Amino acid sequence: MDKAVQLTGLTRPEMLSFVETLGEPAYRGRQLFAALQNRRLRSFDDITDLPKDFRGQLNEIARAATLKIESRYVSDDGTRRYLMKTHDSLPVETVFIPEERRDTICFSSQSGCPLQCTFCLTAQLGLLRSLTAGEIVEQIQVALNDAYGVGVKPPRGTNLVAMGAGEPLLNLDQLLKALRVMADPQGMHIVPNRVTVSTAGVVPRILDLANTSDRPHLAISLAAPTDELRNELMPINKRWPLDELLSACKVFEKTLKPAERLTFEYVMLDGVNDSDEQARQLANLLNRHTIKSKVNLIPHNAADPLPYQPSSDERVDRFKNILESKGIHTYVRRPRGRDIFAACGQLAARQTTLNTRIQIGAN
Ligand code: SF4
């Protein structure tokens, strides 16, 4: 067990208190925070504007980085997947998705996941442990440093989505802390308005998030229009069935900003949840609860040994048309990074032998 203080998870005020306990003035704390969060340096030895003795002291008692990059995979479409290891050797995966308008980083909130969604590879790992705020922040730093260079400001800004491994609302405290650290204007300055958190439907935490100031956006993974099917695909539904989940969404809706909508994600599984009848059931369900929302249809990403295939493009279009004919705003999320196991539901700490794998020793 590494007892050293993990400094990437500290807010600026906490960093100031930390250096104070070492007998250093407050400006050293500000310097250290800016070096780690704004310049995204991952080793104390690189912070050459700090006195050498102080750097030596930091090396003894603290860590500027704890995640080790094991592998980096680059997809044909430019998506990058990073497989990292925590100090206790657990896998952490992060995906960088270049986009025309603004790049997106999909990060993990847990190593593995305790929920058992049957269409998701991560489920097969089980929960290894929840990640700390510092481990969440580090994932973003690693992806940005690799994509743009150490400390280089992302030219188009960055969107973050908590849609990697894990159920983010089962690690809400650490997640919100990481978001506070990243929102700091003296650090990475990625504000919660640029962040979307996706949940399988942990109802009490949805209500907690509704009461959180400076909260991120929320997306709910539905995957089925009826309790019967959702119980099968997402067993969390047995604990919080659809009506309870949508009632919580209705409470959350009251906190939406004028241009904001709640997102419902719907993974499209061939022959399982993609019929015309199921599209009508989904539209009726959402219309019954009258929530200001939109639906993202996500064609499933097939991966052995999952027993599903993606719906055909025609089926997805037809499903979309039915929802739209009933007044539901619907979008189709085209898969990215399938060839490197970086797409939704494919994160399972896979080491592939594809030629897209590149070992990198430094970050
Ligand atoms: S879909 Fe999300 S919540 Fe469900 S098992 Fe996978 S990682 Fe966990």
Side-chain angles (χ1 to χ4, degrees), residues 81-84 86 90-95 97 104-131 135-136 139 160-172 174-175 195-206 209 216-224 227 229-242 244-245 248-249 263-269 272-273 295-311 333 335-338 341-350:
R81 175 168 72 99
Y82 306 91
L83 175 57
M84 297 179 260
T86 59
L90 301 177
V92 175
E93 283 178 278
T94 311
V95 179
I97 307 153
T104 299
I105 297 172
C106 175
F107 65 93
S108 298
S109 51
Q110 299 181 307
S111 180
C113 183
L115 304 185
Q116 293 293 312
C117 306
T118 55
F119 49 82
C120 173
L121 263 191
T122 313
Q124 309 205 342
L125 294 174
L127 176 65
L128 302 171
R129 80 165 159 79
S130 286
L131 300 180
E135 287 164 340
I136 293 173
Q139 293 176 64
L160 303 183
V161 292
M163 297 183 187
E167 164 52 60
L169 296 194
L170 291 179
N171 190 20
L172 186 58
Q174 291 300 303
L175 174 72
V195 184
T196 301
V197 168
S198 174
T199 179
V202 185
V203 163
R205 297 288 89 77
I206 292 173
L209 198 60
H217 302 292
L218 184 64
I220 313 274
S221 176
L222 274 186
D227 280 324
L229 181 58
R230 199 166 187 268
N231 285 345
E232 221 177 273
L233 298 177
M234 301 182 74
I236 190 176
N237 194 69
K238 294 179 195 155
R239 178 87 189 272
W240 292 293
L242 279 169
E244 225 176 293
L245 174 58
C249 292
T263 304
F264 289 109
E265 292 163 332
Y266 194 95
V267 60
M268 301 279 299
L269 308 168
V272 176
N273 65 355
V295 170
N296 272 350
L297 300 177
I298 307 169
H300 171 64
N301 296 300
D304 268 352
L306 300 180
Y308 305 107
Q309 289 303 314
S311 305
R333 174 133 48 90
R336 302 286 303 266
R338 265 183 183 169
F341 291 95
C344 282
Q346 287 189 315
L347 298 185
R350 267 197 195 203

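The figures that follow rest on heavy atoms only: side chains count, while hydrogens, waters and symmetry mates do not. As the structure lists them, so they are numbered: ligands from 1, and atoms in each ligand from 1. Quick caveat: nothing in here was measured; it's all calculated off a predicted structure.
- Taking backbone and side chain together, Cys117 holds no N, O or S atom under 2.8 Å from atom 6 (Fe) of ligand 1.
- Distance check: Leu172 CG to Ser109 OG gives 10.0 Å after rounding to the nearest 0.5 Å.
- Against a heavy-atom cut-off of under 4.0 Å, Leu115 is close to the following atoms of ligand 1: 3 (S), 5 (S).
- Within ligand 1, counting atoms from 1 as listed, the ones closer than 4.0 Å to a heavy atom of Cys120 are 1 (S), 5 (S), 6 (Fe), 7 (S).
- Contact record, Arg205 with Leu169: CG-O, 3.1 Å, taken as the closest heavy-atom pair.
- In terms of heavy-atom proximity, Trp240 sits nearest to Arg230 at O-NH1, 4.3 Å.
- Those atoms of ligand 1 with a heavy atom of Gly166 less than 4.0 angstrom away are 7 (S).
- Counting non-hydrogen atoms of neighbouring residues, nucleotides and ligands closer than 6.0 angstrom, the CZ atom of Arg129 exceeds 12 such neighbours.
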